[in-house]
Amino acid sequence: MNSSNPRRLVDEILRRNARNPALAWRLFKHLLSSPSAPAPSPSSIFSLSRALAHARLLPELDHLHHLLLNLPPSAAPRCLTALSLASSMAGILDHALSQLHSLRAHFPSHAPPIRLYNSLLGWSLKANRSDLVEALYKDMLLARVSPDTYTFNLLMSSLCDSGRLDEARLLFDRMTVKSCQPNEFSFGILIRGYCKAGFSLRAVELLDVMERVGCLPNLVIYNTLISGFCREGRIGEAKSLVERMRKEGLFPNVVTFNARISALCKTGKVLEAYRIFRDMQNDELGLPRPNQITFNLILDGFCNGGMVDEARALVESMKESGFFAQLENYNIWLSGLVKNGRLLEARMLLEDMVRKGLKPNLYSYNIVIDGLCKEGMIFGAESVISLMRNNGISSDTVTYSTLLHGYCTQGKAYGASKILHEMVSNGCFPNSFTCNILLQSLWKEGRISEAEILLQKMNEKGYGLDIVSCNIVIDGLCENGKLDKAMEIVEGMWQHGSAALGELGNAFLVLVDDVNDSKKCLPDLITYSTLISGLCNAGRLDEAKKKFVEMTGKNIAPDSVIYDTFIHAFCKHGKMSSAFKVLRDMEKKGCKPSTRTYNLLIWGLGSKQQFNEIQNVTNEMQEKGIPLDVITYNNLIRSLCDGEMARKAASLLEEMSKNGIMPNITSFSLLIKAFSKSSDFDAAQAIFHGALTTCGQKEVLYSLMCNEFSMNGKLLEAKELLQIAFERGFSIERFPYKHLVDELCKEQRVDDAQSLLNSMINKGYLFDPAAFMPVIDALGKKGNKHEADKLSEQMMDMATYHDKSKFLTSHTQHSEMKPRRIKSKQDTSLESDWRNLLLRDDGSGIAMKVLKRVQKGWGQGSIPSPWPQNIDPFDVWESTG
DNA sequence: TTAGGGTTAG
């Protein structure tokens, strides 16, 4: 160590202990406290503070800041600069800013280097702190520091990220006339901006500009453009770019290949992507080797294409070759499992990750939470949230929005508003996704004026109304029969973008006319799909066809969903030849018919009893390799049953099992109904038992069979099934217990009827008190006044209990249901039964007694409004400021 | 230390 120069000594010690910042810091303090200590060099301060910042030793950084302020004025500014730069580079934005602030306050004539400003600008932009960006930019000008190319590049990149392409372009154009010339990064950033916004054609024009200014495009720029074209499906353009780059001596690398593979997977051409992937693995072909990302793309492709087994095999091979170790691999696999309904496995994988010490991140949890919510398993989702909280990760806006969506789709309004409040009180603010979820929920509930208030709030808070919001409103209008309004808005969107919603009556929306064309939200495939489906449902087929022509004229390519919509509509109206014309047209246009397409056709033919044609269609499916599914078979079963060929229909069950297709509850139900209709109860019962074996002991199967027996006078058999239902704890809502009690009484079997009632009471069921009446009547007629009174009392108890638990129909029923549905279903049935009771005049007086209870309880608006009265679904925005 | 390919919600 050279100790002849004390300043070198300081530097040396600091350098040697750079890896132990705490020790370096102590040594530094010690040396600096010596009276003969020389001033440290800026580079040593940079190394020290970089180490302190990296180790997040924040109090030490503050202390250092303080010490540096006391250095002689010849050394202090440069050392402070070094400190601030190191803090800034480590991303400790607030420290770096306060250090810059002291520098500027104490040494106003010292101009900080542009590099410091650039670094601070970069972090401020990343943190979305436009206030800081502005302040820094002003301070730069005050310090007479000129922005350089790097500064402009940062600003452009940020503008592009927030979709402000035109402003980014303006900045870019100003660069060419200013002292700072655009470099390859400037071009790269702008090109990326155009490509990300879907304007690859505008991006590629910049290649010519580059040529003019003598700036050579590099591999990154070519890859940006190629992936942009691939994303837009412009494969021809992508290919010619590859040729152009080869001519310039640049060769496609793994990124280029990944862009192609990604595009193929996104358009469902997984097998083609897989072929390329295999070629990349083949040493002889000299292609770039697949990397981590290539594997992820193929894995995701398999998962999205429903090829779970292939995906699983790939995961195994990735594990073997060490390509399955990063969190991202796990997250892709998690999302694949969820998308393919393997929720249990996904949940287990998540816990496995925790056990293995591979910390799942917010993405991992959100993926599983979303899957559970989509399957209606909100409790499961809530439990994953606790798991996540226990592992130190807090919910974000995505988590809350996902949960909100779960509650909304199940009509659980109270849960939804609870989530909204929880999210805001935890500092997560609703974004446009959240708003769209709410918007859809409100429209679905028919609460249009509230939806309009929400649109207004979204607008005030600056959440742009995007194409999703527009599509939600258009869907809502179609569902509510306001098709003309919907069409008017779509037309207006071509001119004014989302501002066309203003025609809904919201004058304020006129103010948000999308100013720049690049951001305007124009009708898309979903818009037309929604509109066309609305028109078809309303029987306005000619207008639907016109809209179809309009969309293709606007270069929106129809997908199989739209074709299916037309096929469905034609089938519904019995226009089978038109339906087949659509099928041929879609094939001609290169849109592959799906199993669903054929199922619709079979359904249409089935309702016209055209069995030969059905046969032709199923043959065609087999020839074209389009798999039949359970719905296909159910359609076949339905049409045969309708044609009173139940036996032939039943034989299809065998064919299904031969083809590896499991019949479902619908398959069996159709057959049970058909055999019951023809009074072939032995066959019906055989199917019923087969169904129980295949589908499990399902309540719907029991209730169906019980209803069939009961309707056809098979009272004993029906009663037996009802008894089983009691034992199994099923909800009896769908069982014909009232009818059965009534019929038993009519057949003078009051004892059987009474025993049924007693079983229901003993099992704790809460049921329609009207079921008591036939028995009370019968007992009264028989002169058994004592028993009749006893039952009357029990009926009164049931009525009281009914008052207390407004919605419960049985002890097994799950709590929350869609409030509106409950109202229409339950109230009307109870009310009508009670009205019938009250109209009776048998002098028993019971009816009047009961009436009083009815007036106190049921039918009196005891149904809670979908949103709890005391909570305004919109007030959460007020606290967001 | 600013530009390319992979993971979450409507």
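Note on naming: letters A, B, ... go to the chains in the order of the sequence lines (proteins, then strands), and numbering restarts at 1 for each one. In this text the structure is predicted, and so the values were computed from the model without any measurement.
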**Student:** Write down the distance between CG (A:Leu372) and C1' (B:dA9), rounded to a whole number of angstrom.
**Tutor:** 14 Å
**Student:** Does A:Asn118 reach a base, just sugar-phosphate, or nothing at all? Heavy atoms under 4.0 Å.
**Tutor:** nothing
**Student:** Specify the separation, in whole Å, of atom CD1 of A:Ile332 and atom P of B:dG5.
**Tutor:** 14 Å
**Student:** For the side chain of A:Phe433, counting heavy atoms from C-beta on, which of B:dA9, B:dA3, B:dT1 is nearest?
**Tutor:** B:dA9
**Student:** From B:dA9, B:dT1, B:dG6, pick the nucleotide closest to the side chain of A:Lys374?
**Tutor:** B:dA9
**Student:** Centres of the A:Tyr117 and A:Tyr137 rings: under 6.0 Å?
**Tutor:** no
**Student:** To the nearest Å, how far apart are A:Ile393 CD1 and B:dT8 P?
**Tutor:** 17 Å
**Student:** Please classify the nucleic acid contact of A:Ile437 as base, sugar-phosphate, or nothing, using heavy-atom distances under 4.0 Å.
**Tutor:** sugar-phosphate
**Student:** Check ring pair (Phe, Tyr, Trp, His ring centres under 6.0 Å) between A:Phe295 and all other residues, then give those that pass, not counting sequence neighbours.
**Tutor:** A:Phe277, A:Phe323
**Student:** Tell whether A:Asn153 reaches the base of B:dA3 with its side chain through a donor-acceptor pair below 3.5 angstrom.
**Tutor:** no
**Student:** From the set B:dA3, B:dA9, B:dT2, return the single nucleotide nearest to any side-chain atom of A:Thr397.
**Tutor:** B:dA9
**Student:** Among B:dG5, B:dG6, B:dA9, which is the nearest nucleotide to the side chain of A:Gln292?
**Tutor:** B:dG6
**Student:** Nearest of B:dG6, B:dA3, B:dT1 to any side-chain atom of A:Val220?
**Tutor:** B:dA3
**Student:** Using centres under 5.5 Å plus planes under 30 degrees as the test, is A:Phe185 stacked with B:dA3?
**Tutor:** no
**Student:** Look at the side chain of A:Asn296 and the base of B:dG5, then say whether one donor and one acceptor between them are separated by less than 3.5 Å.
**Tutor:** no
**Student:** Tell me what A:Val254 touches on the nucleic acid: a base, only sugar-phosphate, or nothing, going by heavy atoms under 4.0 Å.
**Tutor:** base
**Student:** So what does A:Asp396 touch, heavy atoms closer than 4.0 Å: a base, only the sugar-phosphate, or nothing?
**Tutor:** nothing
**Student:** Could you give all pairs that pass the side-chain hydrogen bond (donor to acceptor under 3.5 Å, both in side chains) test and reach residues 203-219 of chain A, with sequence neighbours left out?
**Tutor:** A:Glu184-A:Asn218
**Student:** Indicate, with a heavy-atom threshold strictly under 4.0 Å, whether A:Glu328 touches base, sugar-phosphate, or nothing.
**Tutor:** base
**Student:** Using a cut-off of less than 4.0 Å, is there contact between a side-chain N or O of A:Lys196 and OP1 or OP2 of B:dG5?
**Tutor:** yes
**Student:** Please report, rounded to the nearest Å, how far the C1' atom of B:dT2 is from the CG atom of A:Leu125.
**Tutor:** 10 Å
**Student:** Looking at B:dT2, B:dG6, B:dG5, which one has an atom nearest to any side-chain atom of A:Val255?
**Tutor:** B:dG5
**Student:** Just compare B:dT2, B:dG5, B:dG6 and give me whichever is closest to any side-chain atom of A:Asn329.
**Tutor:** B:dG6
**Student:** A:Arg347 and A:Glu351: salt bridge (Lys or Arg N to Asp or Glu O under 4.0 Å), yes or no, with the steps?
**Tutor:** CA-CA 7 Å; A:Arg347 174 77 214 249; A:Glu351 281 165 20; 2.8 Å; yes
**Student:** Measure across A:Tyr330 and A:Ala325 and return the closest heavy-atom pair with its distance rounded to 0.1 Å.
**Tutor:** CE1-O, 4.2 Å
**Student:** For the residue pair A:Asn361 and A:Ser364, confirm or rule out a side-chain donor-acceptor distance under 3.5 Å.
**Tutor:** yes
**Student:** Quick one: is B:dG6 close enough that its OP1 or OP2 comes under 4.0 Å of any side-chain N or O from A:Ser262?
**Tutor:** yes
**Student:** Nearest whole Å is fine: how far is B:dA3 C1' from A:Leu154 CG?
**Tutor:** 12 Å
**Student:** Under 4.0 angstrom, heavy atoms only, what part of the nucleic acid is A:Ile191 near: base, sugar-phosphate, or nothing?
**Tutor:** nothing
**Student:** Where the side chain of A:Asn366 is concerned, which of B:dA9, B:dA3, B:dT8 is the nearest nucleotide?
**Tutor:** B:dT8
**Student:** In this structure, how many angstroms lie between the C1' atom of B:dT1 and the CZ atom of A:Arg115, rounded?
**Tutor:** 6 Å
**Student:** Of the nucleotides B:dG6, B:dT8, B:dA3, which one has an atom closest to the side chain of A:Glu184?
**Tutor:** B:dA3
**Student:** Categorize A:Thr224 for me: base, sugar-phosphate, or nothing, with a 4.0 angstrom heavy-atom threshold over every strand shown.
**Tutor:** sugar-phosphate
**Student:** Are the side chain of A:Thr149 and the backbone N or O of A:Gln181 linked by a donor-acceptor pair below 3.5 Å?
**Tutor:** yes
**Student:** For A:Asn471, answer base if it contacts any base atom (sugar-phosphate contacts may also be present), sugar-phosphate if it contacts only those atoms, and nothing otherwise; contact means non-hydrogen atoms under 4.0 Å.
**Tutor:** nothing
**Student:** Between atom NZ in A:Lys266 and atom P in B:dG5, what is the gap in whole Å?
**Tutor:** 10 Å
**Student:** What is the distance, rounded to the nearest whole Å, between atom CZ of A:Phe324 and atom P of B:dG6?
**Tutor:** 18 Å
**Student:** Heavy atoms only, 4.0 Å cut-off, all strands: where does A:Met156 land among base, sugar-phosphate and nothing?
**Tutor:** nothing
